[in-house]
Amino acid sequence: MQMRAGSLVINQKKELLLIYRNGRWDFPKGKVEKNENKKTGALRETSEETGLELDKLSLQQPLKKTAHLLKQKKIKTKWYLVNYKGSKQKLKPQKEEGIEKCIWVSQESLVHYIPYLRSYAREVLAYYIQYVQNPLGIKFVA
C-alpha cells in the first residue's frame with residue numbers, strides 16, 4: 001500500500017491553496033519517499049507541486065487520514081494543516097505532475113470550489129472547518 005502525505009495550506013490572509021489536476025480541484029499531496037517521515041513529505045510535496053518556498057511552509061497540526069482507490073489500489077493519505085508565511089509569491093504548478101493551476105482562495109469564495117473538489121479533499125476541508133476553525137465541534141442549526 002502506498003502512503004502519501006498532503007497539506008491544507010493557509011496563508012497570512014487566511015486563504016486556502018488549491019491545485020487543479022486532471023479536471024478536479026485538490027490540495028497538494030504526494031508519495032512519502034523511502035527514508036522520509038510523513039510531515040517532511042507533506043511539506044516537500046507542497047513545495048514541489050506549487051513552487052512555494054519550503055522554508056516558508058510550517059506544519060501546524062495533523063488533520064486526518066483519508067483513503068481512496070487509484071487504479072484498484074488503496075491509497076492512504078495523512079493530511080496536515082500547513083501555514084505559508086511568505087509574500088504573495090507567484091505559484092508555479094508542477095506541470096509534469098499534471099497540475100494545471102495553483103490558486104489561493106478566500107474562505108468566502110471556497111463555496112464555489114467545493115462541488116469540484118475531489119471527495120477526499122472535501123473530507124479534509126470538512127474536518128478542518130468543523131474541528132480546527134470550530135474547535136468545540138459545535139454544529140449550528142438554523
Side-chain angles (χ1 to χ4, degrees), residues 1-140:
M1 182 187 53
Q2 180 71 58
M3 194 62 214
R4 299 192 181 196
S7 304
L8 181 66
V9 185
I10 297 191
N11 66 17
Q12 288 150 311
K13 291 183 180 171
K14 300 279 183 245
E15 296 167 320
L16 292 166
L17 181 65
L18 294 180
I19 64 169
Y20 191 76
R21 175 183 7 216
N22 301 330
R24 303 292 292 211
W25 290 101
D26 201 350
F27 300 122
K29 68 165 177 342
K31 295 175 187 149
V32 176
E33 291 177 359
K34 198 173 167 187
N35 295 315
E36 182 178 51
N37 68 40
K38 293 181 200 98
K39 295 172 182 171
T40 308
L43 295 174
R44 179 188 49 75
E45 282 291 342
T46 298
S47 177
E48 287 175 5
E49 291 189 351
T50 65
L52 292 175
E53 300 153 70
L54 194 53
D55 63 351
K56 300 264 182 11
L57 295 168
S58 62
L59 216 69
Q60 295 308 298
Q61 68 184 77
L63 291 172
K64 71 174 297 179
K65 287 182 180 154
T66 60
H68 68 281
L69 287 176
L70 181 67
K71 299 176 186 147
Q72 276 63 60
K73 273 199 218 125
K74 189 172 189 179
I75 307 288
K76 283 192 174 176
T77 306
K78 176 70 184 154
W79 294 91
Y80 296 92
L81 180 62
V82 172
N83 255 350
Y84 175 64
K85 288 268 190 274
S87 58
K88 200 76 167 184
Q89 171 188 345
K90 186 161 172 37
L91 295 163
K92 291 190 249 355
Q94 191 180 21
K95 303 277 191 225
E96 56 275 21
E97 286 284 331
I99 301 167
E100 297 169 52
K101 286 184 241 172
C102 304
I103 59 168
W104 290 107
V105 178
S106 71
Q107 296 194 23
E108 301 76 56
S109 306
L110 208 50
V111 66
H112 303 296
Y113 294 89
I114 291 171
Y116 309 102
L117 271 178
R118 296 199 177 280
S119 57
Y120 56 79
R122 281 201 298 268
E123 272 182 61
V124 173
L125 182 61
Y127 180 91
Y128 166 74
I129 290 167
Q130 186 168 349
Y131 297 107
V132 179
Q133 284 191 321
N134 176 14
L136 298 175
I138 298 165
K139 288 193 165 75
F140 297 95

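The figures that follow rest on heavy atoms only: side chains count, while hydrogens, waters and symmetry mates do not. Everything quoted here is computed from the prediction, not taken from an experiment.
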**Prompt:** Roughly how far, to the nearest 0.5 Å, is NZ of Lys29 from CD of Glu49?
**Reply:** 6.5 Å
**Message:** Any heavy-atom pair between the side chains of Trp79 and Leu8 that's under 4.5 Å?
**Reply:** no
**Prompt:** What distance separates Arg118 CZ from Asn22 CG, expressed to the nearest 0.5 Å?
**Reply:** 5.5 Å
**Item:** All side-chain contact (heavy atoms from CB on, under 4.5 Å) counterparts of Ala67, not counting sequence neighbours
**Value:** Lys74, Lys76
**Message:** Can you give me the closest heavy-atom contact between Asn83 and Lys85, atom names plus distance?
**Reply:** ND2-NZ, 3.4 Å
**Request:** To the nearest 0.5 angstrom, please state how far the OG atom of Ser7 sits from the CZ atom of Arg44.
**Result:** 10.5 Å
**Message:** Would you say that Leu91 contacts Ile19 through its side chain, given a criterion of any heavy-atom pair below 4.5 Å between the two side chains?
**Reply:** no
**Asked** Can you tell me how far the CZ atom of Arg4 sits from the OG1 atom of Thr66, to the nearest 0.5 Å?
**Response** 10.5 Å
**Val111 to Glu108 - nearest heavy-atom pair and separation** = CG1-O, 3.6 Å
**Prompt:** Pairs in or reaching into residues 27-67: which pass ring-ring contact (aromatic ring centres under 6.0 Å, His included), with residues at least two apart or in two chains?
**Reply:** none
Only distances under 3.5 Å count here; give the side-chain donor-acceptor pairs of residues 50-64 to other protein atoms, sequence neighbours excluded, each with its distance to 0.1 Å.
unit_1, atom_1, unit_2, atom_2, d
Thr50, OG1, Thr46, O, 2.6
Thr50, OG1, Leu52, N, 3.3
Glu53, OE1, Lys56, NZ, 2.8
Ser58, OG, Gln60, NE2, 3.1
Gln60, NE2, Ser58, O, 3.4
Lys64, NZ, Glu123, OE1, 3.3

**Asked** To the nearest 0.5 Å, what is the distance between CD (Gln107) and OH (Tyr128)?
**Response** 4.5 Å
**Request:** Enumerate the residue pairs fulfilling ring-ring contact (aromatic ring centres under 6.0 Å, His included) with a member in residues 38-72, sequence neighbours excluded, ordered by first and then second residue.
**Result:** His68-Tyr120
**Prompt:** side chain to side chain donor-acceptor pair (under 3.5 Å) with Glu45: which residues, sequence neighbours excluded?
**Reply:** none
**Item:** Arg24 side-chain N/O to Leu117 backbone N/O, donor-acceptor pair under 3.5 Å
**Value:** yes
**Request:** With the side chain counted from C-beta on, respond yes when Val82 and Leu17 share a heavy-atom pair under 4.5 Å apart, and no when they do not.
**Result:** no
**Complete:** Shortest non-hydrogen pair, Gly41 vs Ala5, comes out as C-CB, 4.3 Å
Output a table of donor-acceptor pairs, distance under 3.5 Å, between side-chain atoms of residues 93-106 and any protein atom two or more places apart or on a different chain; print 'none' if there are none.
unit_1, atom_1, unit_2, atom_2, d
Lys95, NZ, Glu100, O, 3.4
Ser106, OG, Ser109, N, 3.1
Ser106, OG, Ser109, OG, 2.8

